[in-house]
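Indexing begins at 1, ligand by ligand and atom by atom, following the structure's order.
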Amino acid sequence: MAEKIVVNHLVKKFGDNTVLDDLNITIKEGEVVCIIGPSGSGKSTFLRCMNALEEATEGHVVIDGKDLTDKNTDINLVRQHIGMVFQHFNLFPHLTVLENIVLAPMDLKGESRESAEKRGMDLLAQVGLEEKRAVYPESLSGGQKQRVAIARALAMNPDIMLFDEPTSALDPEMVGDVLRVMKDLALQGMTMVIVTHEMGFAKEVADRVIFTDGGKILEDGTPEQVFNDPQNPRTKDFLEKVL
Ligand code: ADP
Ligand code: MG
């Protein structure tokens, strides 16, 4: 399988705070990678470096062969192939559900309204929200908002999806619907990197689990390896607290 994301000696500093300390990973096409770790360990920063929302201080992040740290790389073009879903949805409040979804394909890719809306409705069906096309985000539950956010990200036909704690802001009864949509995507072969505290989901759906602490990758293995036979005492300590 092709290498989709190659992270090479990535260092990220905020002032003299080293948040990512020499990270190295390669993620292949179709892989589903869950990143777990304590709060403040740099998980969000790591994810944000993967679509250049944060600039690397040192090292390289290569997406589909294109180095995001190379000044000659058209970052906006690379980003069009990367969908991102955040903890707090970030939907546009003044646009209806369907308008949220068709905006980027029409604006950035010059798609016709007709074709963007057709695809938008297919995506709403995929996340189980066809009947919500004309409502505004404020009338949706958190879980529904997050499913719209996923549909919106998919509207650009990304081949990588990044998720930053997509279910952390949701009431418990909403979590399952969102995870189901994500699992479907994984089964369809999407390359996914997911920061999550949902250990059950990571066990069931991830091909790989990465544990980060103190800006380092302390564990990188299959869910069985990381959950059942962690190599680092800090992983054991973390898992005892969350499992
Ligand atoms: P996590 O997602 O694992 O909770 P973050 O990546 O959000 O961790 O943050 C890791 C560290 O980087 C924290 O100490 C945080 O305060 C710091 N940090 C994150 N973003 C910024 C920023 N824009 N400016 C300064 N410090 C930041
Ligand atoms: Mg975070």
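Two residues are said to be in side-chain contact when any heavy atoms from C-beta on lie closer than 4.5 Å; Asn24 and His9 meet this criterion. Inter-residue side-chain proximity for Val85 and Gln146 is flagged as met; some heavy-atom pair is nearer than 4.5 Å. Considering only heavy atoms from C-beta on, Leu10 comes within 4.5 Å of Val61 through its side chain.
Around the Mg ion (ligand 2), the protein N, O or S atoms found under 2.8 Å comprise Ser44 OG.
Scanning both residues, Thr212 and Ser41, for their nearest heavy atoms gives OG1-OG, 3.3 Å.
Between the side chains of Thr73 and Asp67, not a single donor N or O lies within less than 3.5 Å of an accepting N or O. When only modelled atom types and interatomic distance are considered, Ser168 and Gln87 share no side-chain donor-acceptor pair under 3.5 Å.
Sorted by first and then second residue, the salt bridge (charged side-chain N to carboxylate O under 4.0 Å, His left out) pairs involving residues 123-134 (not counting sequence neighbours) form an empty list.
Under the 4.5 Å side-chain contact rule for hydrophobic residues, Ile160 and Val195 share a cluster.
Residues that satisfy the salt bridge (Lys or Arg N to Asp or Glu O under 4.0 Å) test with Glu29, not counting sequence neighbours, are absent from this structure.
Protein residues having a heavy atom under 4.0 Å from any atom of ligand 1 are Phe14, Asn17, Val19, Pro38, Ser39, Gly40, Ser41, Gly42, Lys43, Ser44, Thr45, listed by chain and number.
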